[in-house]
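First the proteins, then the strands, lettered A, B, ... as listed; each starts at 1.
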Number of protein chains: 2
Amino acid sequence: MRKENSTNAINEQILNSICSTAHTFSVIGGRWKPSIIYQLLEGKMRYHELKKNIPGISERVLVLQLRELENDLLVERIIYPEVPPRVEYQLTPLGKTMTDMLQHLSEWGSMHRRHMKVHREEKEMVLADKG
Amino acid sequence: MRKENSTNAINEQILNSICSTAHTFSVIGGRWKPSIIYQLLEGKMRYHELKKNIPGISERVLVLQLRELENDLLVERIIYPEVPPRVEYQLTPLGKTMTDMLQHLSEWGSMHRRHMKVHREEKEMVLADKG
DNA sequence: CCGTATCCAAATAGATACTG
DNA sequence: CAGTATCTATTTGGATACGG
């Protein structure tokens, strides 16, 4: 139950309408969405496969994130009217346009991580010298 | 006061260490960081200029975000020992490596927004036809 | 199998008064 | 000027029992 008129919600809307980058983050940011999208880049996947392949995610959160991705037209939900029920998720064409961007994000991330690691090690060296 | 051992914090750490994209998000994601970085892409800026140019941000949040960016080696804080005090913020060289990525994110965001707009309008057309 | 519903824990955001 | 401290509001995340 989200208050639509909280300062918080208003700020979010304003920023997203002004800044495309903020919009992008609100669409694919968050803790779990990148993982979900990565899974689906491989192809269609069933609910349980997703849950299995994303360790630590709870059912509630998985469903919430999938619904948001659906609303943002990035993911499609296909229901097979069978018993036992079967549901598959797959990226829409719009969803697939994220591939390059994700690649970029991932590369920058590992570059940054390496940089941070070096920086930490240098600091430890200095401390060791002093001690 | 953040509990370091909460399931939440652990999940975050694990994900960031596995997935570079998640790492990138944790570094430049969040509501305000893109805006701050955009401001600093223009050049150095003082605390109050930042606050003025980012409408809606509170002091507390601005400082928190700046400190995180500092710890992630993206922003540098320069203190001039004067009275009245003067502090300037600027991007580090590492911070400037984000430029291309941000450009990418921004372009994808506006593309996605256009797509969503068209989709909404189509839905309204259908509703209008029915009514 | 594929989820909802519920309840609680934790994190984040905001306003604002105060300080060196 | 450039923050910190404090208090509260709001959102997000997690575990898990249950339902179609």
Spacing of [X] atom [atom1] relative to [N] atom [atom2], expressed in whole Å:
| X | N | atom1 | atom2 | result |
| --- | --- | --- | --- | --- |
| L64(B) | dG3(D) | CG | P | 12 Å |
| N8(B) | dC8(C) | CG | P | 18 Å |
| L62(A) | dT12(D) | CG | P | 17 Å |
| E82(A) | dC2(C) | CD | P | 10 Å |
| K33(B) | dA13(C) | NZ | C1' | 14 Å |
| Q65(A) | dT4(C) | CD | P | 14 Å |
| L66(A) | dG13(D) | CG | P | 14 Å |
| W32(A) | dA11(C) | CH2 | P | 14 Å |

Just to be sure I understand the rule, does Y89(B) reach a base, reach only the sugar-phosphate, or reach nothing, if contact means heavy atoms closer than 4.0 Å?
sugar-phosphate
To the closest 0.5 Å, what do you measure between OH (Y47(B)) and CZ (R77(B))?
10.5 Å
Could you tell me the separation between the CG atom of L73(A) and the NE2 atom of H119(B), rounded to the nearest 0.5 Å?
5.0 Å
Side-chain touch [X]/[Y], heavy atoms, less than 4.5 angstrom:
| X | Y | result |
| --- | --- | --- |
| V63(B) | R67(B) | yes |
| L94(A) | M111(B) | yes |
| T24(B) | H104(A) | no |
| L105(B) | L105(A) | yes |

Ring pair (Phe, Tyr, Trp, His ring centres under 6.0 Å) against W108(B), all qualifying residues, sequence neighbours excluded
H112(B)
Counting just side-chain N and O atoms, does [X] come under 4.0 Å of either OP1 or OP2 of [N]?
| X | N | value |
| --- | --- | --- |
| R77(B) | dA2(D) | no |
| S6(A) | dT11(D) | yes |
| R67(B) | dG3(D) | yes |
| R31(A) | dA10(C) | no |

Among L91(A), L40(A), T92(A), L69(A), whose side-chain contact (heavy atoms from CB on, under 4.5 Å) with E76(A) holds?
T92(A)
Taking only the side-chain heavy atoms of [X] (C-beta and beyond), determine which of [options] contains the nearest atom.
| X | options | result |
| --- | --- | --- |
| V63(B) | dG14(C), dG3(D), dG3(C) | dG3(D) |
| Y47(A) | dG14(D), dA2(D), dG3(C) | dG3(C) |
| R46(A) | dA2(D), dC2(C), dA13(C) | dC2(C) |
| H48(B) | dA2(D), dG14(C), dG13(D) | dA2(D) |

Correct closest heavy-atom pair for G29(A) and P34(A) would be O-CD, 4.4 Å
Using five pairs at each end of the helix from dC1(C)-dG20(D) to dG20(C)-dC1(D) to define an axis, what is the angle between those two axes, to 10°?
40°
Whichever of G30(B) and R86(A) has the more 5' nearest nucleotide on DNA chain C, that residue is R86(A)
Ionic contact status for K117(A) with E121(A), cut-off 4.0 Å
yes
Contact pattern, 5' to 3', of nucleotides 15-20 of chain D - B, S or - by protein heavy atom under 4.0 Å:
B----B
